[in-house]
Novice: 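Before we start, here is the structure in question, set down as structure tokens.
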Amino acid sequence: MAARLISPQHLLLVLVLVLAAGSRAALGSGAVEDTCTKATAGGKRTDLAPFCVSSLQAAPGSDGADARGLAAIATNLTLANYTAAVAAVKALQLRGGWSPAERAALATCRARYIEALNVVHSAVHALATGKAQDYAADMAVVQSAATDCERAFAGAGAGKGEAPGEAPGESPMRKVNEDAVNLTTVAMLIVASLE
């Protein structure tokens, strides 16, 4: 088969399409960075700006989303994170080897994360219908699941440090809880910045 040369017009068209795609991606990335900067500015959570950017940029659809779309994406990331948290608790429970106090802490974590999942659905509806106060109230309840889980382990004497990356005496849910709090906070800050 003979090689086909691309005509100058087709080459120009391909170049324009590539540049347009790159510009759109850069615009989307800029929207994520701008939204995160605006949402985290002026408060005590400027430290969350890099986490906000990296979380949103990793989410499908964020490259072309405006601030309102990014608020929805951040809320859906929270939903996905809390679903994963329930799975993490179940895995830890199945692993076994926990003291009675640690088993009780895991049960608390599981119950609180499951409750939070129901409330996240309510928050998604509040966001979709423009009820910012209801959204903020719902997300505050959602966020408390992670803090309640961490407190439950603090009261149980924390974990044994057997999970990868876990220090002795540290809650086995520490990273999960930290990510849950950060994602929920980012979502709330973005929605608050829309007003």
Side-chain angles (χ1 to χ4, degrees), residues 32 36 39-41 43-60 62 70-124 126-127 134-192:
V32 167
C36 289
T40 59
K44 295 182 263 184
R45 298 314 314 247
T46 55
D47 61 314
L48 276 180
F51 178 86
C52 176
V53 170
S54 63
S55 299
L56 290 176
Q57 283 180 340
S62 65
L70 292 171
I73 289 169
T75 304
N76 286 324
L77 286 173
T78 300
L79 177 62
N81 178 266
Y82 277 59
T83 301
V86 171
V89 173
K90 287 179 185 179
L92 287 170
Q93 288 174 317
L94 288 174
R95 183 178 92 184
W98 304 104
S99 71
E102 291 166 330
R103 283 194 303 274
L106 284 168
T108 296
C109 292
R110 187 172 178 172
R112 292 296 290 129
Y113 272 112
I114 289 171
E115 291 166 8
L117 280 174
N118 292 325
V119 182
V120 172
H121 288 287
S122 176
V124 168
L127 181 62
D134 292 347
Y135 177 85
D138 286 343
M139 290 300 273
V141 170
V142 168
Q143 190 174 52
S144 70
T147 55
D148 289 350
C149 176
E150 200 60 26
R151 277 193 216 109
F153 270 101
K160 298 176 178 137
E162 296 172 359
E166 179 187 319
E170 187 175 274
S171 162
M173 291 291 292
R174 182 195 57 77
K175 179 68 172 135
V176 172
N177 293 332
E178 183 180 289
D179 287 345
V181 167
N182 287 342
L183 278 171
T184 308
T185 302
V186 162
M188 291 168 58
L189 289 171
I190 291 172
V191 170

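It should be emphasised that the depicted structure is a prediction, and the values quoted were computed from it without experimental measurement. Side-chain atoms are counted along with the backbone in the values below, which use heavy atoms only and exclude waters and symmetry mates.
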Novice: Does anything in residues 71-93 form a ring pair (Phe, Tyr, Trp, His ring centres under 6.0 Å)? List the pairs, not counting sequence neighbours.
Specialist: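 For residues 71-93: Tyr82-Tyr113.
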Novice: How long is the span from the OG atom in Ser55 to the CG atom in Leu70, to the nearest 0.5 Å?
Specialist: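 It comes to 12.0 Å.
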Novice: Can you confirm whether Thr78 sits close enough to Met139 that some side-chain heavy atom of one is under 4.5 Å from a side-chain heavy atom of the other?
Specialist: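 When only atoms from C-beta onward are counted, Met139 and Thr78 do touch, with a gap below 4.5 Å.
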Novice: List in chain and number order the residues that pass salt bridge (charged side-chain N to carboxylate O under 4.0 Å, His left out) with Asp148, two or more places apart in sequence or in another chain; answer none if no residue qualifies.
Specialist: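 Expected list: Arg112, Arg151.
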Novice: Any idea which heavy atoms bring Val89 and Leu106 closest together, and the distance?
Specialist: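 For Val89 and Leu106, the tightest heavy-atom pair comes out as CG1-O, 3.4 Å.
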Novice: State, to 0.1 Å, how close Met173 and Ala88 come at their nearest heavy-atom pair, and which atoms those are.
Specialist: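 Between these two residues, the closest heavy atoms are SD-CB, 4.5 Å.
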Novice: About how many Å separate OG1 of Thr108 and CD of Glu102, when rounded to the nearest 0.5 Å?
Specialist: 12.5 Å
Novice: Could you state the interatomic distance from CD1 (Ile190) to OG1 (Thr185), rounded to the nearest 0.5 Å?
Specialist: 11.0 Å
Novice: Between Val32 and Ser62, which heavy-atom pair has the shortest distance, and what is it?
Specialist: CG2-O, 3.9 Å
Novice: Is the backbone N or O of Phe51 less than 3.5 Å from a side-chain atom of Ser54, with the two atoms forming a donor-acceptor pair by type?
Specialist: yes
Novice: Between Trp98 and Leu92, is there a donor-acceptor pair closer than 3.5 Å when you use the side chain of the first and the backbone of the second?
Specialist: yes
Novice: Salt bridge (charged side-chain N to carboxylate O under 4.0 Å, His left out) with Lys90: which residues, sequence neighbours excluded?
Specialist: none
Novice: Which heavy atom of Ile73 sits nearest a heavy atom of Pro60, and at what distance?
Specialist: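 Scanning both residues, the minimum pair turns out to be CD1-O, 4.2 Å.
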Novice: Measure the CD-CG distance between Gln143 and Asn177 for me, rounded to the nearest 0.5 Å.
Specialist: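 Gln143 atom CD to Asn177 atom CG measures 11.0 Å (nearest 0.5 Å).
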Novice: Which atom pair, heavy atoms only, marks the closest approach of Ala180 to Ala146?
Specialist: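 Distance-wise, the nearest heavy atoms are CB-CB, 3.8 Å.
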Novice: What I'd like to find out is whether the side chain of Arg45 reaches to under 4.5 Å of the side chain of Asp47, using heavy atoms alone.
Specialist: yes
Novice: Can you tell me how far the SG atom of Cys36 sits from the CD atom of Gln57, to the nearest 0.5 Å?
Specialist: 8.0 Å
Novice: Nearest 0.5 Å, please: how far is CG in Asn81 from CG in Leu117?
Specialist: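 It comes to 9.5 Å.
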Novice: Applying side chain to side chain contact (heavy atoms under 4.5 Å, CB included) to His121 and Asp138, what does each step give before you reach the verdict?
Specialist: CA-CA 9 Å; His121 288 287; Asp138 286 343; over 6 Å; no
